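As structure tokens, the structure follows; a few thoughts come after it.
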Amino acid sequence: MAESSGSARWLHGPVPDLLLGCGLIYAVYFAAALYAGPQIREVAPETLLALGTLVLGAPHYGATLLRVYEDGKDRREYRFFGTWASLLVAVVFAIGVYDVRVGSWMLTLYLSWSPWHYSGQNYGIAAMFLGRRGVPISKLAKRCLHATFQLSWAMVLLAIHSAVPSASYAPVELAASDYVFIPLGIPTAVAAPLLLLTAITYLVASAIAIALMRQAAGWRDLLPTLALMLVQAFWFSIPVLARATATGTDLDPFDPRYADYTFYWIAFGHFIQYLWVTVYFAKSAGSARSSARYLGKSLLVGSAIWGAPLALFAPEVLGVRAFDAGLGVLIASAVNIHHFILDGAIWKLRKGAIARILLRAQRADAEPALAGSRFGRIRWMPLVLAVGLASALGNLVGTLEAEFGFRRAALASDLERLKTAAARLRWVGRDPPALHTQIALFEARAGRLAEAIREVERSLALQSTAESWTLLGELHARNGDAAASRLAHRRARELQSGSESRPRR
């Protein structure tokens, strides 16, 4: 086996690499949730966890965008993915804004692809650590190792596309969305034995991979790879099997009721892992001198790709539905699918600079062209950063107002605070229909029927739902307008009959 120096064995050092790169930081949340899950959710409710998507998720997307678009040489190398594949995603997104079915298929693709993307990143880092340590694993060992991550994803796919007991696992809110997840509808009689077979194959592949790797290296050299296999299991394999068999679901991280919440923490682990490796690569390649500056730039660029479609397709501009009514979910789908495509293109461990820097620990002098290019860097970066800054601030305001101005104000029956939140959320393009419905209920309770009717109409302008039309009908009846009440109730019945056949996640 080839020897490697201590500095070549790790990217940032053993502790940060194991915690951040190998995802063991998730173990901190897991252990805390076992003993204090309800307390954690009370201190950090799901609404506020969206801040983590801003602080960690946005730079994670931005790092990929910088890698593909910032330098002219990279733009040329990834032209197909950076231009044509990106254009296709943008076109489908624009169609999906107006066509709920297209948008729902886009959402379905995103939620089905997401665990594959996470699993692929875990496998890539596991293979990277083996390469940096010079571990000469056989083809069979490598295939078995790869299979463990693929089979883990396959279990998730079977669960979410069948009637096998499962739960939502991605941090997107679908309850009030016009878009829905469209499962393949695999019959339980088929999916259940397939899930069992996949789980057994996963365990066998894992055992063979570990046994064969152990023949080539000691436990110390295998530690990062084994840690990633363990993290993969706790992110996907174990929760799916626990929920499918109703075993261990009394444990907070495996409880289906909190699956969305738990996955926020899994997503944070993925984001951190991605930034851990991209910071190292950018500095080694000579394209980033300061980690803080690189992360700040990535945050703004990543925020821009979320903010631009929100500004363009808001209901008051080119769009037809509010952020909470589905626009936010659709943007998340498009941004993530775009990220998956680009990420799959740029991180090839066998390829030139990637292999030299991540596998052989060589620095920028091995690839001087990465530090610059005769094709130049993009000249419209200041505009992108300005859009990103505005988007990041809007995201911050939107998240804080959703929690303190909406959720907590509603619990405290603070009507004035709700109205303030509505104004601020409208200003950042996140005006929620449910907020106006809540205001209407408080106005009606105070006997101000005209104000209540106006708020419900504002809610309906953002999203037409049977519940809101029913409320409008009741308010008109109380206000003595029988004709308007009948029209509203009829519209509610039409929507109810039309929604009975809608697929739901």
Side-chain angles (χ1 to χ4, degrees), residues 41-42 45-48 50 100 173-180 260 310 314-317 319-329 394 397-500 502 504:
R41 288 193 301 277
E42 183 177 352
E46 189 170 331
T47 313
L48 284 182
V100 171
E173 177 55 56
L174 300 183
S177 171
D178 290 341
Y179 303 105
V180 296
D260 285 6
L310 175 59
E316 295 82 2
V317 189
V320 294
R321 68 192 84 251
F323 183 86
D324 281 13
L327 178 59
V329 167
V397 171
T399 300
L400 294 177
E401 286 300 318
E403 172 62 21
F404 297 101
F406 184 2
R407 193 182 75 87
R408 298 195 187 190
L411 291 174
S413 301
D414 189 341
L415 179 58
E416 291 307 312
R417 185 66 182 90
L418 288 169
K419 290 181 178 180
T420 300
R424 291 175 179 173
L425 289 168
R426 187 180 307 122
W427 181 73
V428 298
R430 299 187 178 218
D431 199 6
L435 174 53
H436 292 281
T437 302
Q438 185 65 68
I439 293 174
L441 291 173
F442 283 129
E443 295 283 22
R445 191 177 301 168
R448 295 185 288 269
L449 295 179
E451 290 83 350
I453 290 171
R454 185 170 60 248
E455 290 295 332
V456 176
E457 289 173 342
R458 173 60 184 169
S459 176
L460 287 168
L462 294 169
Q463 184 182 30
S464 181
T465 66
E467 294 79 5
S468 293
W469 280 109
T470 299
L471 176 59
L472 183 62
E474 293 171 353
L475 292 173
H476 277 307
R478 288 177 57 186
N479 204 34
D481 192 337
S485 176
R486 285 194 299 271
L487 287 173
H489 282 295
R490 184 173 67 185
R491 180 59 179 147
R493 288 192 297 273
E494 290 172 352
L495 286 174
Q496 286 172 335
S497 61
S499 65
E500 289 176 356
R502 290 183 74 200
R504 282 288 173 186

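As the structure is a computational prediction, the values presented were derived from the model and not from experiment.
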What pairs of donor and acceptor atoms, side-chain ones from residues 470-477 against any protein atom, are under 3.5 angstrom apart with sequence neighbours left out?
residue, atom, partner, partner atom, Å
T470, OG1, A466, O, 2.9

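- The two atoms that bring L495 and S464 nearest to each other are CD1-OG, 3.5 Å, heavy atoms only.
- Checked against side chain to side chain contact (heavy atoms under 4.5 Å, CB included), A50 has the following partners two or more places apart in sequence or in another chain: Y264, T399.
- Residue pairs that meet the salt bridge (Lys or Arg N to Asp or Glu O under 4.0 Å) test with at least one member in residues 439-452, sequence neighbours left out, are K419-E443, E443-R448.
- The side chain to side chain donor-acceptor pair (under 3.5 Å) test applied to E316 returns R458, not counting sequence neighbours.
- L48 is linked by a side chain to side chain contact (heavy atoms under 4.5 Å, CB included) to P45, L51, L400, E403, F404, R408, counting only residues two or more places apart in sequence or in another chain.
- Listed by chain and residue number, D178 satisfy the salt bridge (charged side-chain N to carboxylate O under 4.0 Å, His left out) test with R321 (two or more places apart in sequence, or in another chain).
- The two residues D324 and P432 come nearest to each other via the heavy atoms OD2-CB, 3.2 Å.
- In terms of heavy-atom proximity, F323 sits nearest to G429 at CB-O, 3.7 Å.
- The side chain to side chain donor-acceptor pair (under 3.5 Å) contacts involving residues 479-488 comprise nothing, where partners must be two or more places apart or lie in separate chains.
- Across all their heavy atoms, G394 and R430 have their closest contact at O-NE, 4.3 Å.
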In residues 434-441, what donor-acceptor pairs under 3.5 Å come from side-chain atoms, sequence neighbours left out?
residue, atom, partner, partner atom, Å
H436, ND1, E455, OE1, 2.7
H436, NE2, D431, OD1, 2.7
H436, NE2, D431, OD2, 3.1
T437, OG1, P433, O, 3.2
T437, OG1, S459, OG, 3.1

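- Taking every heavy atom of both residues into account, L460 and S468 meet most closely at CD2-CB, 3.5 Å.
- Here the CZ atom belonging to F406 is positioned 10.0 Å from the CG atom belonging to L411, to the nearest 0.5 angstrom.
- With sequence neighbours excluded, the residues that form a side chain to side chain donor-acceptor pair (under 3.5 Å) with R41 are D252, Y258.
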Candidate pair R417 and E401, rule side chain to side chain contact (heavy atoms under 4.5 Å, CB included), full reasoning:
CA-CA 10 Å; R417 185 66 182 90; E401 286 300 318; 2.9 Å; yes

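- A salt bridge links E494 with R491: the distance from a Lys NZ or Arg NE/NH1/NH2 to an Asp or Glu carboxylate oxygen falls below 4.0 Å.
- Under the side chain to side chain donor-acceptor pair (under 3.5 Å) criterion, T420 pairs with no residue at all, not counting sequence neighbours.
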